Amino acid sequence: QVQLVESGGGSVQAGGSMRLSCAASGFSLRYKCMGWFRQAPGKEREGVAVIYTGDMSTYYVDSVKGRFTISQDNAKNTVYLQMISLKPEDTAMYYCAAPRSLATICSTFLRQKNNNYWGQGTQVTVSS
């Protein structure tokens with residue numbers, strides 16, 4: 001049974017940093033697409049960062065490029081999202097995700113909101 005459990009959210013002032021973790025169980029992260037999505041109140045869920053754990057290729061939405069870094073630790077079966085220079089507009093519920101289909105192309109996973117495994121989410125609040 002696939003499970004994704006996020007942790008590390010909280011409140012921070014603008015300009016601050018935070019690291020989110022996603023512990024995966026029920027499958028190995030090796031050679032997989034893994035991603036972070038977020039959803040702010042009243043807005044659609046959007047892909048933030050994706051990593052292909054086979055070759056460490058990463059993909060980011062434009063609004064977080066240069067500020068967010070997605071990484072993995074295969075030994076811990078965990079994916080991370082390091083966030084720096086946080087802005088109030090980064091405030092959202094952050095979700096870890098993995099595609100249900102192994103045929104998913106990682107470069108397109110940022111836009112895939114269906115047919116995914118999801119964690120329960122962790123809230124990130126950035127105050128100005």
Side-chain angles (χ1 to χ4, degrees):
Q1 180 180 356
V2 172
Q3 281 195 321
L4 303 171
V5 179
E6 303 97 334
S7 61
S11 297
V12 67
Q13 288 194 326
S17 302
M18 190 176 291
R19 188 178 81 157
L20 306 182
S21 300
C22 171
S25 60
F27 72 107
S28 171
L29 288 184
R30 295 182 185 274
Y31 304 105
K32 298 290 195 306
C33 293
M34 293 294 299
W36 286 94
F37 289 68
R38 67 185 179 187
Q39 187 166 19
K43 294 189 176 182
E44 289 189 2
R45 190 170 297 189
E46 67 168 348
V48 175
V50 165
I51 187 169
Y52 174 55
T53 63
D55 62 8
M56 310 301 182
S57 296
T58 56
Y59 309 90
Y60 299 93
V61 68
D62 286 346
S63 60
V64 308
K65 285 180 180 177
R67 300 188 299 120
F68 290 13
T69 303
I70 187 171
S71 63
Q72 65 181 78
D73 185 331
N74 283 339
K76 296 182 178 179
N77 224 39
T78 298
V79 175
Y80 302 97
L81 185 67
Q82 178 69 50
M83 305 182 291
I84 65 172
S85 302
L86 282 161
K87 305 175 180 180
E89 51 263 42
D90 294 318
T91 295
M93 185 73 79
Y94 283 70
Y95 298 91
C96 180
R100 291 182 180 268
S101 171
L102 295 179
T104 298
I105 299 173
C106 281
S107 59
T108 67
F109 187 45
L110 271 178
R111 300 187 296 276
Q112 181 170 313
K113 302 172 190 176
N114 299 312
N115 202 32
N116 296 336
Y117 295 105
W118 297 100
Q120 82 287 355
T122 185
Q123 178 67 37
V124 172
T125 301
V126 184
S127 58
S128 57

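Small disclaimer: the values here were computed from a predicted structure and weren't measured.
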pair [X]-[Y]: side-chain heavy atoms closer than 4.5 Å:
{"X": "Met83", "Y": "Ser17", "result": "no"}
{"X": "Arg19", "Y": "Leu81", "result": "no"}
{"X": "Gln3", "Y": "Phe27", "result": "no"}
{"X": "Met93", "Y": "Val124", "result": "no"}
{"X": "Asp90", "Y": "Arg67", "result": "yes"}
{"X": "Val50", "Y": "Trp36", "result": "no"}
{"X": "Cys96", "Y": "Met34", "result": "yes"}
{"X": "Ile84", "Y": "Phe68", "result": "no"}

Does [Y] offer a backbone N or O that forms a donor-acceptor pair with the side chain of [X] under 3.5 Å?
{"X": "Ser21", "Y": "Ser7", "result": "no"}
{"X": "Thr104", "Y": "Cys106", "result": "no"}
{"X": "Asp55", "Y": "Ser57", "result": "yes"}
{"X": "Asn77", "Y": "Leu29", "result": "yes"}
{"X": "Gln39", "Y": "Lys43", "result": "yes"}
{"X": "Ser63", "Y": "Val61", "result": "no"}

ILVMFWY network linking [X] to [Y], side-chain heavy atoms under 4.5 angstrom:
{"X": "Ile51", "Y": "Val2", "value": "yes"}
{"X": "Tyr60", "Y": "Val79", "value": "yes"}
{"X": "Leu110", "Y": "Ile70", "value": "no"}

What pairs with [X] under salt bridge (charged side-chain N to carboxylate O under 4.0 Å, His left out), at least two apart in sequence or on another chain?
{"X": "Lys87", "value": "none"}
{"X": "Glu46", "value": "Arg38"}
{"X": "Lys65", "value": "Asp62"}

Which distance, rounded to the nearest 0.5 Å, do you find between the [atom1] of [X] and the [atom2] of [Y]?
{"X": "Gln123", "Y": "Glu6", "atom1": "CD", "atom2": "CD", "result": "12.0 Å"}
{"X": "Tyr80", "Y": "Asp73", "atom1": "OH", "atom2": "CG", "result": "4.5 Å"}
{"X": "Ser71", "Y": "Met56", "atom1": "OG", "atom2": "CE", "result": "9.0 Å"}
{"X": "Tyr94", "Y": "Arg45", "atom1": "OH", "atom2": "CZ", "result": "13.0 Å"}
{"X": "Leu4", "Y": "Tyr95", "atom1": "CG", "atom2": "OH", "result": "13.0 Å"}

Handout entry: Side-chain donor-acceptor pair present, Asn74, Gln72, cut-off under 3.5 Å
Key =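 Gln72 and Asn74 do have a side-chain donor-acceptor pair below 3.5 Å.
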
Handout entry: Nearest heavy-atom neighbours spanning Ala92 and Ala40
Key =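 Scanning both residues completely, I find the closest heavy atoms to be CB-N, 3.8 Å.
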
Handout entry: Which atom of Pro99 lies closest to which atom of Gln112, heavy atoms considered
Key =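 It is CB-NE2, 3.8 Å.
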
Practice task
Using the six-membered ring wherever Trp is involved, compare the ring planes of Tyr52 and Tyr31 and label them parallel, tilted or perpendicular (cut-offs 30° and 60°).
Solution key: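 If you compare the ring of Tyr52 with that of Tyr31, the planes turn out tilted.
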
Practice task
Assert yes or no for the condition that the ring centre distance of Phe37 to Phe109 is strictly below 6.0 Å.
Solution key: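 Ring centres of Phe109 and Phe37 closer than 6.0 Å.
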
Handout entry: Flag if over 12 foreign heavy atoms under 6.0 Å of NZ, Lys76
Key =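 Result for NZ/Lys76: open.
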
Practice task
Verify side chain to side chain contact (heavy atoms under 4.5 Å, CB included) between Arg100 and Asn116, making sure each step is shown before the conclusion.
Solution key: CA-CA 5 Å; Arg100 291 182 180 268; Asn116 296 336; 5.6 Å; no

Exercise for the section: Give the intermediate values and the outcome of side chain to side chain contact (heavy atoms under 4.5 Å, CB included) for residues Met18 and Val126. Expected result: CA-CA 10 Å; Met18 190 176 291; Val126 184; over 6 Å; no

